[in-house]
Amino acid sequence: MVDTTIKPSEGVPAHVPPELVVEFDPIGGHEVNAFPPSMLDQYRDRGRVLYTVFPSFPQGIWILTGHDDIRDAWKDHARFGQWGTVNEPKFGKGQIPLRLNPPDHNAYRRALMGIFSPGRLRAMEPEIRRTVRQMLSEISSKGSCEFVSEFGLMVPAATFCQMLGLPADNFARFNQIAIDLVYTPEHVLRTEGEERAAAVRQEAKEAAEEVISKQIKHRRDNPDDRNDVISFLLGAQVGDRPMTIDEIENITNLLFYAGTDSTGAAITYAISFLATHPEHRRAIVENPDIIPRATEELLRMHGFHWNLRDVREDTEYAGVQMKRGDLIMLSTGSANHDPTRFDEPTKVDFAREDVNPNMTFGAGVHRCLGAPLATMTLRVVLEELHRIMPDYEIDPNSKGVVYQTGQSKAIPFNVPLLYPAVDFDPAID
């Protein structure tokens, strides 16, 4: 085991007021292990802006705690650029359009919006529903399952394989590559050290690039009328020019690892909550018409991303002096749990009127392009699962829900479910 202990005072720059320094680790802290979306709730009264030092970022980062400050910083690219604008990120500096700031970001975003257009999503919904039902049929007769690995992550992994035109029978392997890019390196960093963590990340990166580059070459050499993402990108324009192959590989790699675990997290957080709150689950079963609203409220409650931004210039924000090169953390969970923005924010209320705009998928021009797809997928899961398996709970003899944290997000990684076994025909009637 590598000793990664850091005292709160170590690594704190001279311009950071000591009273703002807190002992908080968004990757390995006890608050995260308890319930990641609420990890900053206990710190909000300490101030609008705080500072912490932890093993993954020994130089320290600023933390914004309130909804409006987080939202405004998310939109303020002039002062707070995407991570990689000033500092070198751990990986993926060139990720398009994630690591780009306006105006460079804008042309790519416009080119990519067609992938998630309302018409395209409507056309995808029947296939997603078929996937959900097929995967439910594989677990429903067992009476128990580990929900994350057997369903929660598998549904979006299969969906993205279909979107990218990749073989569906390999989606479990592709999903593991995505996990090894985002989560495994942070665990290895704390157990085996930075050098080994970098090697694990590089191995996963190369594996993803190999899969993607082969598929791009295949689509380029064998054009057809398929509606997959790679075919879309091969015909896309950035401004007044076609995308280059390097750009297509870059964008597809980002979609490859970014799309599966976030949607899987939305699904598994929702089902984890409903498994431990039977009154909410019964409300869905008895009145399926509330599912669209329930979907939005469950997404609000379970904000699990935290975005890092570079401070691009010396500036004052929320009454605090920040220096060029500092890092700030924007937590979607903290924004969504701010009582000045949402009434009783840690209470799930399917009748809530102020559910949007929540910050689960970000804000401004960097709001997640795939948010409509993730929302639709969660809605379909809630519809189909509660039609087929209306009664379920967390296995009382298990350790309960276990979370895994990685760079910029924390997701459930073990959700042991019990439910009455049922056989059903997955064919859509």
Side-chain angles (χ1 to χ4, degrees), residues 3-90 186 189-190 194 303-341 359 362-363 405-410:
D3 183 6
T4 56
T5 304
I6 293 180
K7 296 179 181 179
S9 60
E10 293 179 353
V12 177
H15 65 279
V16 176
E19 65 272 17
L20 298 184
V21 179
V22 295
E23 292 187 59
F24 171 69
D25 181 349
I27 294 178
H30 64 87
E31 308 91 341
V32 184
N33 295 326
F35 184 55
S38 289
M39 64 184 180
L40 283 171
D41 288 359
Q42 65 179 293
Y43 294 98
R44 192 172 292 106
D45 291 341
R46 295 279 299 270
R48 293 166 62 188
V49 186
L50 303 171
Y51 200 88
T52 188
V53 175
F54 57 101
S56 296
F57 289 88
Q59 75 274 37
I61 59 175
W62 293 104
I63 308 166
L64 303 186
T65 63
H67 176 280
D68 290 354
D69 287 333
I70 293 170
R71 177 201 61 205
D72 294 346
W74 214 297
K75 295 180 177 181
D76 190 348
H77 292 88
R79 287 191 291 174
F80 307 118
Q82 288 292 87
W83 189 21
T85 302
V86 178
N87 295 288
E88 181 75 23
K90 291 183 180 180
E186 293 296 342
L189 171 68
R190 293 165 187 248
E194 186 172 351
F304 54 89
H305 287 95
W306 49 277
N307 183 258
L308 279 183
R309 290 288 179 89
D310 288 338
V311 178
R312 304 180 74 174
E313 60 187 37
D314 291 0
T315 189
E316 180 179 311
Y317 196 76
V320 173
Q321 297 294 325
M322 299 179 180
K323 299 291 186 181
R324 173 178 166 82
D326 285 355
L327 287 165
I328 65 169
M329 170 184 166
L330 311 178
S331 167
T332 61
S334 190
N336 290 349
H337 289 192
D338 185 346
T340 69
R341 177 59 185 83
M359 290 283 294
T405 54
Q407 182 180 281
S408 79
K409 64 186 81 173

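The first residue of the sequence shown is numbered 1, and numbering continues consecutively from there.
- Annotation for Arg44 and Ser334: closest pair NH2-O, 3.0 Å, computed over non-hydrogen atoms.
- Of the possible polar contacts, one joining the Asp310 side chain to the Asn87 backbone as a donor-acceptor pair under 3.5 Å is found.
- In this structure, Pro26 and Met329 approach most closely via the heavy-atom pair CB-CE, 3.9 Å.
- Here the CG-NE2 distance, from Asn336 to His67, works out to 6.5 Å after rounding to the nearest 0.5 Å.
- Proximity of a side-chain donor or acceptor of Thr405 to a complementary backbone N or O of Gly28 within less than 3.5 Å is not detected.
- In terms of modelled atom types and a separation under 3.5 Å, the side chain of Thr65 and the main chain of Val49 share no donor-acceptor contact.
- Ionic pairing of Lys323 and Asp326 is not present here: no N-O contact between side-chain nitrogen and carboxylate oxygen is shorter than 4.0 angstrom.
- Taking the ring centroids of Tyr43 and Phe24, they lie under the 6.0 Å cut-off.
- Counting only N and O atoms by type, the side chains of Arg79 and Thr315 include a donor and acceptor under 3.5 Å apart.
- Residues meeting the ring pair (Phe, Tyr, Trp, His ring centres under 6.0 Å) test with Trp62, sequence neighbours left out: Tyr51.
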Checking side-chain contact (heavy atoms from CB on, under 4.5 Å) for the pair Trp83/Asn307: CA distance, chi angles, key distance, verdict?
CA-CA 8 Å; Trp83 189 21; Asn307 183 258; over 6 Å; no

Worked check of side-chain contact (heavy atoms from CB on, under 4.5 Å) between Leu330 and Phe80:
CA-CA 11 Å; Leu330 311 178; Phe80 307 118; over 6 Å; no

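- Side chains of Ile63 and Leu40 form a contact here, defined as non-hydrogen atoms less than 4.5 Å apart.
- Ser331 places no side-chain N or O within donor-acceptor distance of the main-chain N or O of Leu64, the cut-off being under 3.5 Å.
- For the pair Gly303 and Thr332, the tightest heavy-atom approach, listed with the atom from each and the gap, is C-OG1, 3.3 Å.
- To the nearest 0.5 Å, the span separating CG on Asp68 from CE on Met359 amounts to 9.5 Å.
- Heavy-atom minimum distance, Ile328 versus Ala73: CD1-CB, 4.2 Å.
- By the 4.0 Å N-to-carboxylate-O rule, Asp69 lies close enough to Arg48 to be salt-bridged with it.
- Across every non-hydrogen atom of Glu23 and Thr52, the tightest pair is C-OG1, 4.4 Å.
- A side-chain donor-acceptor contact under 3.5 Å links Asp314 to the backbone of Arg324.
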Can Met322 and His15 be said to form a side-chain contact (heavy atoms from CB on, under 4.5 Å), step by step?
CA-CA 8 Å; Met322 299 179 180; His15 65 279; 5.6 Å; no

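- No donor-acceptor contact under 3.5 angstrom links the side chains of Asp25 and His30, judged on distance only.
- Using bins of under 30°, 30° to 60° and over 60° for the plane-to-plane angle, the ring pair Phe35/His337 lands in the parallel bin.
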Start with the C-alpha gap between Val311 and Leu327, add the side-chain angles, then the distance that decides, and say whether side-chain contact (heavy atoms from CB on, under 4.5 Å) holds.
CA-CA 6 Å; Val311 178; Leu327 287 165; over 6 Å; no

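- A 4.5 Å side-chain heavy-atom check between Asp72 and Tyr317 finds at least one atom pair inside the cut-off.
- The shortest heavy-atom contact between Arg312 and Val86 is CA-CG2, 4.0 Å.
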